[in-house]
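Every chain is numbered from 1 and lettered A, B, ... according to where its sequence line falls, protein lines coming before strand lines.
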Number of protein chains: 2
Amino acid sequence: MIATFAALAEPSRFRIVELLRSGPRLVTDIGERLHLRQPQVSKHLRVLKEAGLVDVEPDAQRRLYELRAEPLRALHDWLERYRDLWDARFAELDELLEELKTKERKDGRRKRR
Amino acid sequence: MIATFAALAEPSRFRIVELLRSGPRLVTDIGERLHLRQPQVSKHLRVLKEAGLVDVEPDAQRRLYELRAEPLRALHDWLERYRDLWDARFAELDELLEELKTKERKDGRRKRR
DNA sequence: CGAGAATATTCCTGTCAAGGCATATTCTTG
DNA sequence: CAAGAATATGCCTTGACAGGAATATTCTCG
């Protein structure tokens with residue numbers, strides 16, 4: 001989980017993942033589409049692979065990189081545990097707290113002395 | 001999105017979020033439960049707040065920190081776009097590639113919700 | 001075999017973030 | 001107002017990491 005977050009926290013890597021959503025790509029291909037230099041693409045792909053986010057399928061001297069479902073599904077599952085947060089039951093509480101906060105912000109500076 | 005990933009990529013921060021899932025907590029409380037020193041907790045909470053993952057409700061000299069739903073829901077929504085990856089349509093392709101790489105034959109579980 | 005394509009690795013450098021510790025800040029209360 | 005509680009900030013040091021450029025590696029093919 002942490003590894004997944006760390007991998008996706010890097011903007012270029014995030015974009016690579018987004019690109020791979022449309023299907024497997026070659027390193028060079030990725031570089032061209034995202035305007036990244038080849039070595040950096042390779043490095044990012046390495047990180048993504050070590051995080052299990054990507055798989056490689058060699059084809060001669062080329063490598064086809066493709067997204068792996070598992071980590072993303074795991075993330076999705078993890079988030080399910082937080083669903084209560086935005087589901088019905090807590091909605092009111094959220095609003096309440098929002099109100100309290102915006103109200104106190106106004107004159108919390110000078111109460112009384 | 002990137003900000004959310006970056007915030008959650010830090011182990012202590014991840015643990016804080018997990019803890020806050022059970023409800024709002026005071027800074028000191030968090031520190032004790034997670035064995036973190038107060039200044040680090042405050043710093044982490046600051047990052048979490050800047051990422052929008054957390055809200056503060058002041059109470060005298062204490063601060064109640066609580067989880068915010070929005071970023072997590074956004075993450076969840078983002079992942080929905082990747083659902084095809086592990087849903088029916090691509091299952092076969094996944095299996096194919098899995099076979100090429102490992103020879104596991106004991107994988108027979110399925111997740112339904 | 002040698003050239004060239006596609007990708008990976010290495011080395012270097014600058015930046016940024018995290019922990020530790022001391023200190024500042026903000027409130028409450030006697 | 002002083003003392004103390006709860007939290008935030010500042011400074012410092014160290015380690016991780018990203019980009020750049022050069023180079024190594026692995027294949028294919030004429």
> Of A:R73, A:R68, A:E70, which meets side chain to side chain contact (heavy atoms under 4.5 Å, CB included) against B:W86?
Replying inline: A:R73

> Does a side-chain heavy-atom distance below 4.5 Å link A:V41 with A:T28?
Replying inline: no

> Would you call B:R63 and B:V56 a side-chain contact if the rule is heavy atoms closer than 4.5 Å?
Replying inline: yes

>> If I take atom CZ in residue B:R63 and atom P in nucleotide C:dC27, what distance separates them, rounded to the nearest angstrom?
In response: 7 Å

> Taking 4.0 angstrom as the limit, do A:E80 and A:R83 come out as a salt bridge?
Replying inline: yes

>> Under 4.0 Å between a side-chain nitrogen and a carboxylate oxygen: does that hold for B:R33 and B:D29?
In response: yes

> Reading DNA chain D 5' to 3', which nucleotide is the first, and which the last, to come under 4.0 Å of any heavy atom in chain A?
Replying inline: D:dA18 to D:dT28

>> Measuring from atom CG of B:D55 to atom CG of B:L48, what distance do you get when rounded to the nearest 0.5 angstrom?
In response: 11.5 Å

> More 5' along DNA chain D: A:Q61 or A:Q38, using each one's nearest nucleotide?
Replying inline: A:Q38

>> Given 3.5 Å as the limit, does a donor-acceptor pair link the side chain of B:R21 with the main chain of A:R81, or not?
In response: yes

>> Between A:R15 and A:L34 (side chain of the first, backbone of the second, donor and acceptor by atom type, cut-off under 3.5 Å), is there such a pair?
In response: yes

> Hey, do the aromatic rings of A:Y82 and A:W78 have their centres closer than 6.0 Å?
Replying inline: yes

> For A:A3 and A:A51, which heavy atoms make the closest approach, and how far apart are they?
Replying inline: O-CB, 4.0 Å

Output a table of nitrogen or oxygen pairs between the protein and nucleotides 17-21 of chain C separated by less than 3.5 Å.
residue	atom	partner	partner atom	Å
C:dA18	OP1	B:R13	NH1	2.9
C:dA18	OP1	B:R13	NH2	2.9
C:dG19	OP1	B:E10	OE2	3.4
C:dG19	OP2	B:H44	NE2	2.9
C:dG20	OP2	B:R37	NE	3.3
C:dG20	N7	B:Q40	NE2	3.0
C:dG20	O6	B:K43	NZ	2.4

> By a strict heavy-atom criterion of less than 4.0 Å, which residues belonging to residues 25-32 of chain A are in contact with DNA chain D?
Replying inline: none

